[in-house]
Amino acid sequence: MKTPNWLESHDRLWLAVLIVALAGLAPLAWLQYRWVDQVAEAERARMRVHLDTAVARFAQDFDGEWMRLFRALQAIPPGPPERELEDLAAHWLEFGESGGTVRAVRDFYVTLDGRDGRESLYRFEAAQGAFAPVQWLPELERALPRPPFSEFGPPRMFNPVLERIPALAIPRRGMSRPDAEPRPRGRRRRPERSRWCVLVLDLDYLQRVVLPELTGRHLRQSGELSYEVRVVSRADPRRVIYTSDAALPPGFFDAPDARAELLRLRPAAPRPEFEGPGGAWLLLARHRGRSLEAVAAAARRRNLAVSLTVLLVLAGGIAVLLVTTRRAQRLARQQMEFVAGVSHELRTPLAVICSAADNLADGLVTGERQVTRYGGVIRGEGRRLAHMVEQILGFAGLQSGRVKYDLQPVEVASVIEKALAACAPEMRAGGCGVERDIAPDLPPAMADATALAHGLRNLVDNALLHGGRGGWVGIRARRDGAGSIEIRVEDRGPGIDPADLPHIFEPFYRGRRSKREQVKGFGLGLALVQRIVEAHAGAIEVSGGPGQGTIFTLRIPAAPEDSPDG
């Protein structure tokens, strides 16, 4: 049957649309690739800015506390030694009440020039709340510039951070002598000498409290460390001041993602004579497990994978749509052919029945012999019509799921005989012989006898239509090694075309030879057989080829041995 023009044009239209859609995936993939690159670059820049900002704030918070203390001590006005020591002690007690940075100071020293011109060292005693003279510490004596200075005070570029101790040396300008007399007219005043406030830092407190708290505040995301942190000596990077994880492998911080100087005093107004060449410590930060670039590259690969998955899903959807469309069109074509075939098949027996009935009713048929012949024709065409209606109704019932089978132990031989009896008129009309081969010890099958007989009848009808007329049909039954019952229906006809084999169990499908030779049928028999066998938890197979005949093999579960009829 020729496919309608509208269906062919609809097919071509859909095919063109789907080809255009698939072709549109290429520019879409390129745009997504560019977009992923841009997103990855933006994410890399965002992470870089975030890390640089976090590290800068870390350094600012750490050094800002010392700078505020530095300026506060320098702001105390100079005076006579005893009074100056009292003022420094009072201010230091006020600092201690406010907490904060003072807790990270282990000792507070002050240097003053005595009346004999020698420099003395005083330490703040917290218990007395006052300064007391102490012996010079060797490390301070080596680190601090000692008088006499140049007439302009301490050396330029002197670093106020004594890293090895560690300590902060705060220079304070004071009078050269406590009993300085008024300067005579015309005489130059003696240059002032520097006095020092030395804050010795509590390294243990910095390692346990200050640095971990700043690390958690600035380099923590989503409740867990995003970056590992290490603070090392700037002069000797092998000397570790603090590390966020002591179990990090060697060389982990050889290529940090960000760094910043710590213990670097930055006065509000630039004063190069009091600012050192750089921070005494270095803050190193690196993303845990991988570098920042590796994290950005991993995010890019992840985005590419997501984009590729989306494209594959889209392409798969288009492919499924194409396959579904083609299948729907093929099904529509088959259904149209089925309707045309059913109409023709139903019309033929009805026309014969009506014609014979008219002849009988009009008295055109006389004689007992002619009446008998006409009655046989009407009976045969009626059975044929009933079988076709039964096929259609049975298939519709299976498709809707309303058909329920009553599985009971049944004798396979009786089911086979019932199917052959139903096909007897066609077999006699076609002069076809039947060969039975049923094993004598065959156990009962677990099946619905009526449904199984109907399925076997369809297979025998198929053998008669396609290869058994004027020839031979064989039916065999035996028990296979898996405990099932195997029933084979064979013919010696021309066989099935290999191109038709994958489709013969599809509803409404008719093979090329059937269409070419206009064999009766509308493509439901084998589909109905397959659904009946599957409903019995069995299987059906087909074998053979062109010129070799066809063999349909059914496997039906045998009834349990302890069943009532078994």
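Heads up: numbering here begins at 1 and tracks the sequence.
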Next on the checklist: Asp497: which residues meet the salt bridge (charged side-chain N to carboxylate O under 4.0 Å, His left out) condition with it, sequence neighbours left out?
Outcome noted: none

Item to check | Test salt bridge (charged side-chain N to carboxylate O under 4.0 Å, His left out) applied to Asp61 - qualifying residues, sequence neighbours left out | outcome: Arg217

Next on the checklist: Going by side-chain contact (heavy atoms from CB on, under 4.5 Å), name the residues that satisfy it together with Ile378, two or more places apart in sequence or in a different chain.
Outcome noted: Ile353, Ala356, Leu360

Item to check | Qualifying ring-ring contact (aromatic ring centres under 6.0 Å, His included) pairs with a residue from residues 431-452, counting only residues at least two apart or across chains | outcome: none

Item to check | Expected output: side-chain Asp448 to main-chain Asp406 donor-acceptor under 3.5 Å | outcome: yes

Checklist entry - Taking only residues two or more places apart in sequence, or in another chain, which ones meet Gln530 in a side-chain contact (heavy atoms from CB on, under 4.5 Å)? => result Phe505, Glu534, Ile540

Checklist outcome for this item: Residues passing the side-chain contact (heavy atoms from CB on, under 4.5 Å) test with Ala477, sequence neighbours excluded, are Val412, Ile416, Ile438, Leu442, Ile487

Checklist entry - Who passes ring pair (Phe, Tyr, Trp, His ring centres under 6.0 Å) against His218, sequence neighbours left out? => result none

Next on the checklist: Under the rule for side-chain hydrogen bond (donor to acceptor under 3.5 Å, both in side chains), what residues qualify as partners of Gln370, not counting sequence neighbours?
Outcome noted: none

Checklist entry - For Asp437, what residues pass the side-chain contact (heavy atoms from CB on, under 4.5 Å) criterion, not counting sequence neighbours? => result Arg476

Checklist entry - Any salt bridge (Lys or Arg N to Asp or Glu O under 4.0 Å) pairs touching residues 540-555, not counting sequence neighbours? => result Asp480-Arg555, Glu486-Arg555, Glu541-Arg555

Next on the checklist: Tyr242: which residues meet the side-chain hydrogen bond (donor to acceptor under 3.5 Å, both in side chains) condition with it, sequence neighbours left out?
Outcome noted: none

Checklist outcome for this item: Sequence neighbours excluded, the answer for side-chain hydrogen bond (donor to acceptor under 3.5 Å, both in side chains) partners of Arg369 is none

